[in-house]
Amino acid sequence: MLFRSAHRALNVFLKGAQDAGQRSLLVITGKGSRGEGVLRDSVPNWLNAEPNRRMIRAFSHAAPKDGGEGALYVLLKRLK
């Protein structure tokens with residue numbers, strides 16, 4: 001249940017950020033406990049899936065100062 005809620009929250013967050021004209025985002029997934037980062041492993045798949053794929057220009061792991069493997073930089077496309 002929480003897993004689906006996190007997926008929906010990410011979709012709403014991305015759409016709202018794009019509608020507000022934001023271009024770059026920091027999505028914090030966390031690293032997970034005991035190396036089991038469920039969100040860390042799932043969020044890249046969610047970003048590559050529709051409807052998010054159409055909004056995103058690129059994404060990559062963040063620099064260590066911004067969360068490293070527990071966070072992602074997301075670059076959004078401009079609205080037309």
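Heads up: numbering here begins at 1 and tracks the sequence. The shown structure was predicted, so the numbers you read here are calculated from the model rather than taken from an experiment. FYI, side chains are in, hydrogens and waters are out, and symmetry mates aren't considered; it's all heavy atoms of this structure.
The CG atom of Leu14 sits 6.0 Å away from atom CG of Leu47, with the distance rounded to the nearest 0.5 Å. Atoms CG and CG, on Asn52 and Asn45 in that order, are 11.5 Å from each other to the nearest 0.5 Å.
A side-chain contact (heavy atoms from CB on, under 4.5 Å) with Leu25 holds for exactly one of Val74, Ile56, Leu72; it is Val74. When each of Leu76, Asn48, Val27, Leu75 is checked for a side-chain contact (heavy atoms from CB on, under 4.5 Å) with Phe59, only Asn48 meets the rule.
For the pair Lys77 and Met55, the minimum side-chain heavy-atom distance is 4.5 Å or more. Under the 4.5 Å side-chain criterion, counting only non-hydrogen atoms from C-beta, Leu10 is not in contact with Val12.
Shown here for Arg23 and Arg57, the closest heavy-atom pair between the two residues is NH2-NE, 3.9 Å. Nearest heavy atom pair, residue Glu69 against residue Lys31, reads N-CE, 4.4 Å. Between Leu39 and Pro44, the shortest heavy-atom distance links the atoms O-CD, 4.3 Å.
Placement of Phe13 and Leu26 in two distinct hydrophobic clusters is found when ILVMFWY residues are connected by side-chain heavy-atom separations under 4.5 Å, directly or transitively.
With Tyr73 contributing its side chain and Ala58 its backbone, the two residues share no donor-acceptor pair below 3.5 Å.
A search for salt bridge (Lys or Arg N to Asp or Glu O under 4.0 Å) contacts involving Lys15 returns Asp19, not counting sequence neighbours.
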